[in-house]
Chemist: 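Take this structure first; my questions come after.
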Amino acid sequence: MLEEYSEDCNLIPVEKLQAAIRRITLTRSAVPVLCGSALKNKGVQPLLDAITLYLPSPDDCTHDFMSWYKDDLCALAFKVVHDRQRGPMVFVRIYSGMMKAQSAVYNVNKNCTERMSRLLLPFADQQVEISSLSPGNIALTVGLKQTATGDTIVSSKASAAAAARRAVRSEEKTKDRKSQDNLVLAGVEIPEPVFFCTIEPPSVAKQFDLENALRCLQLEDPSLKVRTDPDSGQLILCGMGELHIEIIHDRIRREYGLETYLGPLQIAYRETIVCGSRASDTLDRTMGDTRHQVTVELEVRPLSEDIPLIEYSANLPSSVNSYKEAIENGIHGCYLTGPLLGSPLQDVGVIVHEVSVLPGTSMTVVSACVSRCMTKALKMSEKQILEPMMSLEITMGEDHLSRVLADLSQRRGNVGAIQDRLDSKVVLAHVPLAELMGYSTDLRTVTSGTATFTLELSNYEAMNPQEQNSLLRKKGLV
């Protein structure tokens, strides 16, 4: 087209130019660039027009799951906001089928059916109530109380089952074993929280209000986790970083009117074992007129990729099968609290060698004996603390590079690469999370406020003996 209108590009017909831009955008051979300022309301309308003109419509897109659901509803919940009057309001993107107000929908992730009371079309901070909406649109639903960010919404459980059958047939034809997993739309990948602290209401009377506020915030923010400490009964707030927890604390104050108190920030460590050990235990209790007696012998060992988490010895009698659920409940309960810090266990396998149960013994006693025996075996083994390692990316000017690298070496950081990005230097490093408390302030100080950084959990690594002993002394456990 440029050759055809080389003498005067202004003669190119608008429709022909738009069609050409759309064609190269859809083939991803070029990217349209638009200029503007949202602050000054300049260029916003051309941007919205360009989205409509150049980006693919739902009819242009083909996904495997769309053929499985056919004309049935399939939508993704991508955002949850909480309204004091209307309760949770869920933003959904419709991929197939029609979404209708006053209809029941099935949540594939939560395995539950909910009724949608109202369907709204959002325009910034205003909403227009509608009766139905077609594929490709974004809708705001009222009445979905269990739905969280990243959940897949379909018309019914029968619709999901029919899609699963179509996926199985597709799998047999294409030999793609991942087909069935794609029934759930790709949501948000949420890493495990790495910081936690206690949170307390201003008074006992406000405890219910605080729990309700945290429940609402968890629906909006899947990276926020809340649990109750089994020993103290305190609420534990688990988040992705210092700033994350500060924002949650501030939102509880602003949006729910609660002046809560936060305990000191803690690091989410893990525990494992270096070598295996074997232990046996007997629990004998008489409750009422019934005697409950269990004898258990098991072994804990370091877990590798080809070893199952729980393994049963070949010489166990077949009667053990009736107690398997109770045995595994006891083992899983023990995984939550390690022998050193009380942190969750990781990469620990269990072999059950012997289980002897007196007839009439309750399943709860079986679980308790297994848990106690496993705790004894863990205490006998050589233990190791695992600390969270963070992938750190720092962008700064070249004149600050040496000071940033010197600071990272003091924080036990391992620099993986130093890259050039325009006029800046980018440092990619692995750093223990424990060394990054307050890092945003320190980095601003070192670079005169010119550097930026991003942080995400990479993996858990074993602490060296000196650091582990130092941590245990700090916690008062040595």
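Any value given below was found using the heavy atoms of this structure, including those in side chains, with hydrogens, waters and symmetry copies removed. These figures come from a predicted structure and were not determined experimentally.
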Chemist: Side chains of E114 and T147: any donor to acceptor distance under 3.5 Å?
Modeler: yes

Chemist: Looking only at side chains, do T450 and S448 share a donor and an acceptor under 3.5 Å apart?
Modeler: no

Chemist: Check whether any side-chain heavy atom of L258 sits under 4.5 Å from a side-chain heavy atom of D209, and report yes or no.
Modeler: yes

Chemist: Are the side chains of T375 and R372 in contact, using a 4.5 Å heavy-atom criterion?
Modeler: no

Chemist: Of all residues at least two apart in sequence or in a different chain, which pass the side-chain hydrogen bond (donor to acceptor under 3.5 Å, both in side chains) check with D407?
Modeler: R411

Chemist: When you check the gap from the basic side-chain N to the acidic O, do R215 and E220 get nearer than 4.0 Å?
Modeler: no

Chemist: Tell me if the CG atom of D83 is crowded by more than 12 foreign heavy atoms within 6.0 Å.
Modeler: yes

Chemist: Any idea how F91 and F78 line up, ring-wise: parallel (<30°), tilted (30 to 60°), or perpendicular (>60°)?
Modeler: tilted

Chemist: Considering non-hydrogen atoms only, spot the tightest contact between P88 and K145 and give its length.
Modeler: CG-CA, 4.1 Å

Chemist: Look at the side chain of H244 and the backbone N and O of M240, then say whether any donor-acceptor pair between them is shorter than 3.5 Å.
Modeler: yes

Chemist: If you take all heavy atoms of A38 and V44, which pair is closest and at what distance?
Modeler: CA-CG2, 4.1 Å

Chemist: Can you establish whether the number of heavy atoms outside K206 located under 6.0 Å from its atom NZ is more than 12?
Modeler: no

Chemist: For a 4.5 angstrom cut-off between non-hydrogen side-chain atoms, does E242 reach F195?
Modeler: yes

Chemist: Quick one: does R22's side chain have a donor or acceptor within less than 3.5 Å of a partner on L53's backbone?
Modeler: yes

Chemist: Counting N and O atoms only, with roles assigned by atom type, does the side chain of D347 sit under 3.5 Å from a partner on the main chain of P302, one being a donor and the other an acceptor?
Modeler: no

Chemist: Is T447 close to R403 at the side-chain level, that is, under 4.5 Å between some pair of heavy atoms?
Modeler: no

Chemist: Might you point out which heavy atoms bring P432 and E387 nearest each other, and give the distance in Å?
Modeler: CB-OE1, 3.6 Å

Chemist: Does the structure place the NZ or CZ of R254 under 6.0 Å from the centre of the six-membered ring of Y256, at an angle of no more than 45° from the ring's axis?
Modeler: no

Chemist: Minimum heavy-atom separation for G413 and V431, please, with both atom names.
Modeler: CA-CG2, 4.0 Å

Chemist: Give the minimum heavy-atom separation between Y106 and C112, together with the two atoms involved.
Modeler: CD1-O, 3.4 Å

Chemist: Taking atom types as modelled and ignoring hydrogens, do the side chains of R118 and Q127 form a donor-acceptor contact shorter than 3.5 angstrom?
Modeler: no

Chemist: Looking at L210, L217, L235, which one forms a side chain to side chain contact (heavy atoms under 4.5 Å, CB included) with V226?
Modeler: L235

Chemist: Above 12 or not: heavy atoms from other molecules or residues under 6.0 Å from CD of E398?
Modeler: no

Chemist: For residues N10 and Y5, is any side-chain donor paired with an opposing acceptor at under 3.5 Å?
Modeler: no

Chemist: To the nearest 0.5 Å, what is the distance between CG (D151) and CG (L219)?
Modeler: 9.0 Å

Chemist: Counting N and O atoms only, with roles assigned by atom type, does the side chain of Y54 sit under 3.5 Å from a partner on the main chain of R23, one being a donor and the other an acceptor?
Modeler: no

Chemist: In a check of side chain to side chain contact (heavy atoms under 4.5 Å, CB included) between S277 and each of E382, E299, M380, which one passes?
Modeler: M380

Chemist: Going by atom types only, do E271 and Q346 share a side-chain donor-acceptor pair under 3.5 Å?
Modeler: no

Chemist: Would you find a donor on one side and an acceptor on the other, under 3.5 Å apart, between the side chain of S391 and the backbone of S458?
Modeler: no

Chemist: Is the Lys NZ or Arg CZ of R227 less than 6.0 Å from the centre of F196's six-membered ring, within 45° of the axis?
Modeler: yes

Chemist: Is there a side-chain contact between V426 and I418, using heavy atoms and a 4.5 Å cut-off?
Modeler: no

Chemist: How far apart are the closest heavy atoms of E259 and P202, and which atoms are they?
Modeler: O-CD, 3.5 Å

Chemist: Say whether, by atom type as modelled, one donor and one acceptor occur between the side chain of S117 and the main chain of V142 under 3.5 angstrom.
Modeler: yes

Chemist: From I130 CD1 over to L119 CG, what is the distance, rounded to the nearest 0.5 angstrom?
Modeler: 4.5 Å

Chemist: Is E246 paired with R251 through a side-chain N to carboxylate O contact shorter than 4.0 Å?
Modeler: no

Chemist: Does either side chain, that of Q384 or that of Q468, offer a donor lying less than 3.5 Å from an acceptor on the other one?
Modeler: yes

Chemist: Check for a donor-acceptor pair, side chain of K16 on one end and backbone N or O of I12 on the other, with a separation under 3.5 Å.
Modeler: no

